[in-house]
Every structure is written in C-alpha cells, then in structure tokens.
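Source: prediction; values computed, not measured.
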Amino acid sequence: MTDMTSNPPRRSTTGRRRTAEFWVYFTLIFFCAVPFTMVRWVREIAERHTLNVRGPLARAWSEADRITPLIFSV
C-alpha cells in the first residue's frame, strides 16, 4: 500500500493542447471580462471594506479560463 502524499497520482496527458486559436479566443474573452470584473471588484471592496479580495485581473483570467474551453467543447 502506498501513501498518497508521497506518491501523488500522475496528471492526465489526454487533455487537449491549447492551440493558437484557443489563445485568440481566450485573449478576447479576457479583455472583454476586465471591465466587468473591475466593477465587481470595486463593489466587493466597498461592501467588505477590505482590499483582501482577488483582483480584477485574476478574476478576468479565471472567467476566460472557464469560458474559453466551452467554445471548443461543442
């Protein structure tokens, strides 16, 4: 029996490579998401009275990273 912490499972290599077309769509979605995430970020700062929240670029990156693969899954 092996310990999972000392012998983690290998990452799957069956995933699709991100092509140039993927990065074009990713970039477009990222730049379109920035203004919306900026508004959401400012609103969250105002509500929580703290800067301890994810920034607008990190939020836009995660939105683009979540949405772009959906385009290619069809």
Side-chain angles (χ1 to χ4, degrees):
M1 197 179 282
T2 61
D3 182 16
M4 289 298 289
T5 57
S6 63
N7 197 8
R10 299 187 100 192
R11 292 183 116 183
S12 175
T13 58
T14 59
R16 296 181 183 173
R17 275 186 68 92
R18 294 185 171 186
T19 62
E21 184 182 14
F22 176 91
W23 288 111
V24 168
Y25 281 101
F26 180 90
T27 304
L28 291 172
I29 293 168
F30 173 76
F31 283 115
C32 289
V34 169
F36 296 102
T37 57
M38 182 73 78
V39 169
R40 218 168 55 197
W41 177 68
V42 170
R43 189 178 61 202
E44 193 168 323
I45 288 173
E47 289 173 357
R48 293 184 183 191
H49 302 289
T50 182
L51 289 174
N52 193 15
V53 293
R54 280 184 28 197
L57 295 179
R59 291 170 186 242
W61 186 277
S62 64
E63 287 293 321
D65 198 39
R66 182 179 59 86
I67 293 170
T68 306
L70 296 175
I71 295 170
F72 294 97
S73 68
V74 177

Do the side chains of [X] and [Y] join up, straight or via other hydrophobic residues, at under 4.5 Å, putting them in one cluster?
X     : Y     : answer
Met38 : Val53 : yes
Phe26 : Ile71 : yes
Trp23 : Leu57 : yes
Ile45 : Val42 : yes
Phe31 : Ile67 : yes

Non-hydrogen atoms of [X] and [Y] that approach each other most closely:
X     : Y     : result
Arg40 : Glu63 : NH2-OE2, 4.1 Å
Ser62 : Arg59 : OG-O, 2.9 Å
Ala60 : Val34 : CB-CG2, 3.8 Å
Trp41 : Arg54 : CD1-O, 3.1 Å

From Thr37 atom OG1 to Glu44 atom CD, the distance as rounded to the nearest 0.5 Å: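 The OG1 atom of Thr37 sits 11.5 Å away from the CD atom of Glu44.
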
If only side-chain N and O atoms count, and only distance matters, is there a donor-acceptor pair under 3.5 Å linking Thr68 with Arg18?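 Their side chains do not contain a donor-acceptor pair, so the 3.5 Å distance test is not met.
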
For the residue pair Tyr25 and Phe72, categorise the inter-ring angle as parallel (less than 30°), tilted (30 to 60°) or perpendicular (more than 60°).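 Perpendicular.
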
